[in-house]
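Both backbone and side-chain heavy atoms feed into the values below; hydrogens, waters and symmetry mates do not. In what follows, every chain begins at residue 1, and chains take the letters A, B, ... in the order their sequences are listed.
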Protein chains: 2
Amino acid sequence: MSRSSVIAPFQTERHDHSSCRRDALARAEDICLRKGLRLTELRRRVLELVWSGHEPVRAYDLLDQLRGERRGAAPPTVYRALDFLQEHGFVHKIESLNAYVGCAEPADRHGGQFLICRRCKAVAELDDPAIHDTVQRRAEASGFLVQGQVIEVTGLCPRCAADPAAPQPHAHEH
Amino acid sequence: MSRSSVIAPFQTERHDHSSCRRDALARAEDICLRKGLRLTELRRRVLELVWSGHEPVRAYDLLDQLRGERRGAAPPTVYRALDFLQEHGFVHKIESLNAYVGCAEPADRHGGQFLICRRCKAVAELDDPAIHDTVQRRAEASGFLVQGQVIEVTGLCPRCAADPAAPQPHAHEH
DNA sequence: GTCGGTGATGTTATGGTATAACCACAACAG
DNA sequence: CTGTTGTGGTTATACCATAACATCACCGAC
């Protein structure tokens with residue numbers, strides 16, 4: 001079993017999250033530069049806010065924060081930024097939560113599988129070929145032409161499973 | 001490859017949908033009888049409406065229909081019925097559509113995998129052990145304790161993939 | 001340089017999804 | 001008959017997302 005399929009693991013300790021966020025922004029800057037995409041101030045700021053932690057962030061929470069720093073921020077402000085970020089693989093939408101997480105391995109329209117902790121709300125991202133291919137093969141066996149996969153697993157992350165009384169991590173561990 | 005994992009296939013022709021619906025209602029009646037669950041008039045009616053076709057149905061569409069036949073129908077009316085039906089496996093929520101489909105093989109809190117046609121909107125349900133087990137194993141390999149799986153595949157059903165110009169089936173093929 | 005096109009954002013309004021909180025009443029067990 | 005539980009009615013509100021149109025910055029053609 002390869003471990004390489006885990007592209008964004010659960011954090012086992014309170015980690016230096018500012019480096020996660022900084023790395024994600026640097027990768028986005030780099031990719032946009034190479035592809036000629038416009039990572040505007042707004043889009044950059046929304047990506048930064050999504051990376052405030054490893055928990056999925058809701059659109060209206062982003063909006064609340066934007067309102068504090070940008071006059072005229074409204075729902076389309078944040079949804080348009082999220083659309084751009086999703087389209088180019090910088091963030092994923094977690095369908096079962098209606099919330100958004102940053103992607104640690106951005107690529108256009110790539111899928112991925114998400115492990116969502118019910119207790120601490122953290123999300124880990126896998127990009128496991130075994131899962132992807134099994135789903136693909138079984139769908140094709142039914143004559144279905146696959147265009148996209150939504151795979152979201154809920155349960156308990158290693159820390160919450162091991163110690164249900166452990167303190168809850170909160171975002172913003174700067 | 002077993003075909004038994006396809007528990008609700010795509011319909012290849014305009015089929016006698018009234019028998020699908022009748023069977024689903026009969027199964028629900030039977031299960032509720034055996035388990036001592038109360039399939040009230042409201043719940044039965046909502047289940048019947050969900051089974052109006054093989055396309056996922058939105059909660060407010062159900063509500064619109066209920067309003068025509070029941071004074072005082074309101075969002076909680078339909079959501080409470082859907083909660084009951086989901087809890088006991090009679091319907092599934094399609095997270096990526098915020099819509100609901102009937103289940104052909106009801107069982108408490110069972111998962112299942114869904115193939116969702118982007119063109120005709122029909123949904124087929126699989127209950128494929130290979131998919132389930134692969135996801136389960138890979139999640140466990142990350143130390144994750146799995147409690148639930150959301151697996152939704154979008155694309156084109158066999159008919160729409162074969163003939164993109166074919167007429168769109170509509171629900172209510174009574 | 002200015003004209004016009006394109007893409008990003010501002011702005012207002014609305015539509016769509018879901019739940020909180022409280023009330024009335026029926027079914028049922030003791 | 002009485003308390004408890006479950007079901008649904010009712011009102012209100014919160015949350016999620018997009019339509020439609022206006023404005024502005026940027027940039028290339030001429």
Requested in this report: Let me see the working for Val146(A) and Phe144(A) under side chain to side chain contact (heavy atoms under 4.5 Å, CB included), right down to the final yes or no.
Outcome: CA-CA 6 Å; Val146(A) 176; Phe144(A) 193 81; 4.1 Å; yes
Query raised in the report: Distance check: side-chain N/O of Arg70(A) vs OP1/OP2 of dT9(C), anything under 4.0 Å?
Result: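 Checking dT9(C) against Arg70(A), no side-chain N or O comes under 4.0 Å of OP1 or OP2.
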Query raised in the report: Near DNA chain D, under 4.0 Å by heavy atom, which residues of residues 33-46 of chain B?
Result: Arg38(B), Thr40(B), Leu42(B), Arg43(B)
Report summary line: Per-nucleotide protein contact along nucleotides 12-25 of chain C, 5' to 3', at a 4.0 Å heavy-atom cut-off (B base, S sugar-phosphate only, - neither), is B----BBBBB----
Requested in this report: Answer yes or no: is there an ion pair linking Arg80(B) with Asp83(B), defined by an N-O contact shorter than 4.0 Å?
Outcome: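 Result for this pair is no, no salt bridge flagged.
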**Report entry** Glu41(A) bridged to Arg44(A) by N-O distance under 4.0 Å
**Finding:**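 Salt bridge flag = no for Arg44(A) with Glu41(A).
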**Report entry** Arg43(A) side-chain N/O to Arg38(A) backbone N/O, donor-acceptor pair under 3.5 Å
**Finding:**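 Between the backbone of Arg38(A) and the side chain of Arg43(A) there is a qualifying donor-acceptor contact (under 3.5 Å).
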Query raised in the report: So, does Gln113(B) use its side chain to make a donor-acceptor pair with the main chain of Val153(B) at under 3.5 Å?
Result: no
Report task. Extract, from 5' to 3' on DNA chain D, the first and final nucleotides lying under 4.0 angstrom from some heavy atom of chain A. Result ->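 The contacted stretch runs from dC16(D) to dA20(D).
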Requested in this report: Could you state whether Leu39(B) and Trp51(B) fall into the same hydrophobic cluster, counting links through intermediate Ile, Leu, Val, Met, Phe, Trp or Tyr residues with side-chain heavy atoms under 4.5 angstrom apart?
Outcome: yes
Report task. Measure from the ring center of Phe114(B) to the ring center of His92(B) and say whether it is less than 6.0 Å. Result -> yes
Report task. Go through the side-chain N and O atoms of Gln65(B) and Glu69(B) and say whether any donor and acceptor fall under 3.5 Å apart. Result ->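 There is no such pair (donor and acceptor under 3.5 Å, judged by atom type) between the side chains of Gln65(B) and Glu69(B).
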Query raised in the report: Any idea which heavy atoms bring Ser96(A) and Glu95(B) closest together, and the distance?
Result: CA-OE1, 3.6 Å
Requested in this report: Would you name the heavy atoms of Arg58(B) and Ala99(B) that are closest together and state the gap between them?
Outcome: CG-CB, 4.1 Å
